[in-house]
Amino acid sequence: MDKEKLRVLFIAKNIPVPGIRPSRVIMAIAHELSYFCKITFLYPNEIVPLGFQFLKKYKPFYKLKSWNSEGFDISVVQYLRIPYRPMAFWMWRNLKLNDIIFFKKNGPFDLIHAHYLFPDGYLAFLYSKYFSIPYIITIRNADIRHLKSISKNNPDFKKAKLIISHAQKVLSLNLAYKEFIEDMFNISSQIIPHGIELNALTDKIELNKDKVVITVVAEAISRKNIDWVVNSVKAYNGPQTIKLNVIGGGPMTKKLKDLAANDNRITFEGKIKREL
């Protein structure tokens, strides 16, 4: 059966690492793809300088070995990142021997999916160049922030242009990312946002055709910009009945509730547990 499936190398920096608070986004995507794809996972692991392995931030990544998560074997390759954002990937130019050994041992693949622009997308670009395998790349918030923080003359910006221009398909999570990529690189991308099954919400969320119901499902952290949505709803005074549901928890939950200032159109549901 697996021989009939598309063989996909999934390169993802945010696979849940042992010892780190897990995020199931990657694994949920992989389980869905597994119905018609044979997934091979590759985790690009940042090399931890000697002496830094004792710091809590770096300890789980020091000499990280391959592991199994939810039935998927996760392979690990190392890459060098300079701990200064404007120069982060300057020293990374080619595939290393271990990268090639992994590919020859686990391939061949029909397609590579890079979850992020860096480091995932650059590794996909190098593999594609070396083995003539097409790849697709998803543009995310972290990628946009990195590109905005460096100049167009920066070597990392030039690497980003290489990654995006050679991808078989560029995916954006929303219209803002799509417009940014088109304006910056003159390359069209396709919008495929993260979604959630309707039956996961119906027990908690009011469905009413006479209302405009906005639902935010996200961790309450600054880069999710939930405060922007809350402020927009608070500022709305038009003729349409409007309601905002905020699902999820996080360090900014109290701040967001204070920002809502008891506006009865805004509801905070917290985390909603469901079977996966």
Side-chain angles (χ1 to χ4, degrees), residues 5-17 25-27 29-30 32-34 36-47 64 66 72-82 88-147 150 154-173 177-178 180-181 184-185 187-192 194:
K5 293 182 175 182
L6 190 71
R7 296 163 297 179
V8 177
L9 174 59
F10 198 162
I11 305 177
K13 175 61 178 172
N14 64 336
I15 300 171
V17 173
V25 172
I26 294 294
M27 308 319 295
I29 293 173
E32 292 297 322
L33 289 176
S34 292
F36 53 92
C37 299
K38 184 179 185 298
I39 304 295
T40 299
F41 267 118
L42 184 60
Y43 180 85
N45 185 51
E46 181 179 340
I47 296 172
L64 181 66
S66 299
F72 293 99
D73 292 325
I74 316 295
S75 297
V76 177
V77 294
Q78 306 287 336
Y79 75 96
L80 179 62
R81 180 181 182 276
I82 299 173
F89 303 99
W90 282 19
M91 301 299 292
W92 192 12
R93 294 185 177 88
N94 301 300
L95 291 176
K96 299 189 297 298
L97 178 60
N98 285 339
D99 300 331
I100 297 172
I101 290 173
F102 159 81
F103 202 97
K104 289 184 174 179
K105 179 181 177 182
N106 293 277
F109 302 103
D110 300 305
L111 179 69
I112 302 173
H113 178 205
H115 195 72
Y116 281 104
L117 187 60
F118 287 112
D120 312 342
Y122 190 60
L123 185 55
F125 166 75
L126 293 176
Y127 272 139
S128 178
K129 184 179 178 181
Y130 194 95
F131 291 102
S132 299
I133 305 294
Y135 67 94
I136 61 177
I137 174 76
T138 305
I139 304 300
R140 300 177 183 277
N141 181 266
D143 303 323
I144 300 294
R145 287 189 291 120
H146 182 59
L147 292 174
I150 58 179
N154 189 300
D156 281 355
F157 192 94
K158 295 177 180 179
K159 281 188 172 77
K161 188 173 183 178
L162 279 176
I163 297 166
I164 292 172
S165 62
H166 285 82
Q168 190 77 13
K169 180 74 71 173
V170 179
L171 307 178
S172 296
L173 296 181
Y177 297 175
K178 174 182 172 67
F180 177 87
I181 292 302
M184 191 66 68
F185 300 102
I187 292 174
S188 181
S189 68
Q190 183 176 349
I191 299 176
I192 303 182
H194 285 316

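For reference, positions follow the sequence shown, starting with 1.
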K.L.:
Report yes if the side chains of Asp73 and Ser66 come closer than 4.5 Å at any heavy-atom pair, otherwise no.
P.N.:
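In short, these two side chains do not touch, never coming nearer than 4.5 Å.
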K.L.:
With side chain to side chain contact (heavy atoms under 4.5 Å, CB included) as the test, would you mind laying out the steps for Val17 and Leu64 before giving the verdict?
P.N.:
CA-CA 9 Å; Val17 173; Leu64 181 66; 4.0 Å; yes
K.L.:
Which atom names give the shortest non-hydrogen contact between Ile26 and Ala12, and what distance separates them?
P.N.:
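It is CD1-CB, 3.8 Å.
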K.L.:
In this structure, which one of Lys169, Gln168, His166 forms a side-chain contact (heavy atoms from CB on, under 4.5 Å) with Pro134?
P.N.:
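Of Lys169, Gln168, His166, side-chain contact (heavy atoms from CB on, under 4.5 Å) with Pro134 is met by Gln168 alone.
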K.L.:
Can you name the one residue among Trp90, Phe89, Trp92 that meets ring-ring contact (aromatic ring centres under 6.0 Å, His included) with Tyr122?
P.N.:
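Output: one option passes, namely Trp92.
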K.L.:
Could you tell me the separation between the CG atom of Leu95 and the CG atom of Leu123, rounded to the nearest 0.5 Å?
P.N.:
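Reported to 0.5 Å precision, the distance equals 6.5 Å.
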K.L.:
With the side chain counted from C-beta on, respond yes when His113 and Ile136 share a heavy-atom pair under 4.5 Å apart, and no when they do not.
P.N.:
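Heavy-atom side-chain distance check passes, below 4.5 Å.
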K.L.:
Taking the side chain as every heavy atom from C-beta outward, state whether Ile164 and Leu117 have any pair of such atoms under 4.5 Å apart.
P.N.:
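Of all side-chain heavy-atom pairs linking Leu117 with Ile164, at least one is under 4.5 Å.
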K.L.:
Taking the side chain as every heavy atom from C-beta outward, state whether Asn106 and Leu42 have any atom pair closer than 4.5 Å.
P.N.:
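Counting from C-beta outward, Asn106 and Leu42 never come under 4.5 Å.
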K.L.:
Look up atom CD in Gln78 and atom CD in Glu46, then write down how far apart they are to the nearest 0.5 Å.
P.N.:
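Spacing of CD (Gln78) from CD (Glu46) equals 10.0 Å.
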K.L.:
When rounded to the nearest 0.5 angstrom, what is the spacing between CD in Gln190 and OG1 in Thr138?
P.N.:
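Spacing of CD (Gln190) from OG1 (Thr138) equals 10.5 Å.
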K.L.:
Which atom names give the shortest non-hydrogen contact between Gly121 and Ile137, and what distance separates them?
P.N.:
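Nearest heavy atoms, Gly121 then Ile137: CA-CD1, 3.8 Å.
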K.L.:
Is it true that a side-chain atom of Tyr127 and a backbone atom of Asp99 form a donor plus acceptor pair closer than 3.5 Å?
P.N.:
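A pair under 3.5 Å: yes.
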K.L.:
Should we say atom NZ of Lys96 is surrounded by more than 12 heavy atoms from elsewhere, each under 6.0 Å from it?
P.N.:
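Atom NZ in Lys96 is packed in, count exceeds 12.
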K.L.:
Taking the cut-offs as 6.0 angstrom to the six-membered ring centre and 45 degrees off its axis, would you call Lys13 and Tyr116 a cation-pi pair?
P.N.:
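Negative - Lys13 is either too far from the ring of Tyr116 or too far off its axis.
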K.L.:
Indicate the atoms forming the closest heavy-atom contact of Asp156 with Ala88, along with that distance.
P.N.:
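Minimum heavy-atom contact is OD2-N, 3.4 Å.
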K.L.:
Are Tyr135 and Ile163 close enough, and set up right, to give a side chain to side chain contact (heavy atoms under 4.5 Å, CB included), and what steps lead you there?
P.N.:
CA-CA 9 Å; Tyr135 67 94; Ile163 297 166; 4.2 Å; yes
K.L.:
Distance from Leu111 atom CG to Ser128 atom OG, nearest 0.5 Å?
P.N.:
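Atom-to-atom, Leu111:CG and Ser128:OG are 9.5 Å apart.
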K.L.:
Report, as yes or no, whether the 6.0 Å neighbourhood of atom NZ on Lys178 holds more than 12 heavy atoms from other residues, nucleotides or ligands.
P.N.:
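More than 12 heavy atoms, drawn from other residues, nucleotides or ligands, come within 6.0 Å of this atom.
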K.L.:
Could you walk me through whether Leu9 and Phe131 pass the side chain to side chain contact (heavy atoms under 4.5 Å, CB included) check?
P.N.:
CA-CA 13 Å; Leu9 174 59; Phe131 291 102; over 6 Å; no
K.L.:
Less than 4.0 Å between a side-chain N and a carboxylate O, is that true for Arg140 and Asp143?
P.N.:
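No, Asp143 and Arg140 are not salt-bridged.
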K.L.:
Short question: side chain of Ser34, backbone of Ala30 - any donor-acceptor pair under 3.5 Å?
P.N.:
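Indeed, once roles are kept as given, a pair shorter than 3.5 Å links the two residues.
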K.L.:
Could you walk me through whether Arg93 and Leu126 pass the side chain to side chain contact (heavy atoms under 4.5 Å, CB included) check?
P.N.:
CA-CA 8 Å; Arg93 294 185 177 88; Leu126 293 176; over 6 Å; no
K.L.:
What distance do Leu171 atom CG and Ile192 atom CD1 have between them, rounded to the nearest 0.5 Å?
P.N.:
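If we round to the nearest 0.5 Å, Leu171:CG and Ile192:CD1 are 4.5 Å apart.
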K.L.:
Mind telling me whether Phe72 and Phe41 have parallel, tilted or perpendicular rings, with 30° and 60° as the class edges?
P.N.:
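Phe41 and Phe72: perpendicular rings.
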K.L.:
Just by distance, do the side chain of Asp110 and the backbone of Arg7 share a donor-acceptor pair under 3.5 Å?
P.N.:
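A pair under 3.5 Å: yes.
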K.L.:
Let me see the working for Phe157 and Phe185 under ring pair (Phe, Tyr, Trp, His ring centres under 6.0 Å), right down to the final yes or no.
P.N.:
CA-CA 10 Å; Phe157 192 94; Phe185 300 102; 5.2 Å; yes
K.L.:
Might you point out which heavy atoms bring Pro44 and Asp120 nearest each other, and give the distance in Å?
P.N.:
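Answer, listing the atom of Pro44 first, then Asp120: CG-OD1, 3.4 Å.
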K.L.:
Between Ala160 and Phe118, which heavy-atom pair has the shortest distance, and what is it?
P.N.:
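For Ala160 and Phe118, the tightest heavy-atom pair comes out as N-CZ, 3.8 Å.
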K.L.:
Between Ile133 and Ile112, which heavy-atom pair has the shortest distance, and what is it?
P.N.:
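Closest approach of Ile133 to Ile112, heavy atoms only: CG2-CG1, 3.8 Å.
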K.L.:
Please round to the nearest 0.5 Å and tell me the distance separating atom CG of Asn14 and atom OH of Tyr43.
P.N.:
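If I round to the nearest 0.5 Å, the distance is 8.5 Å.
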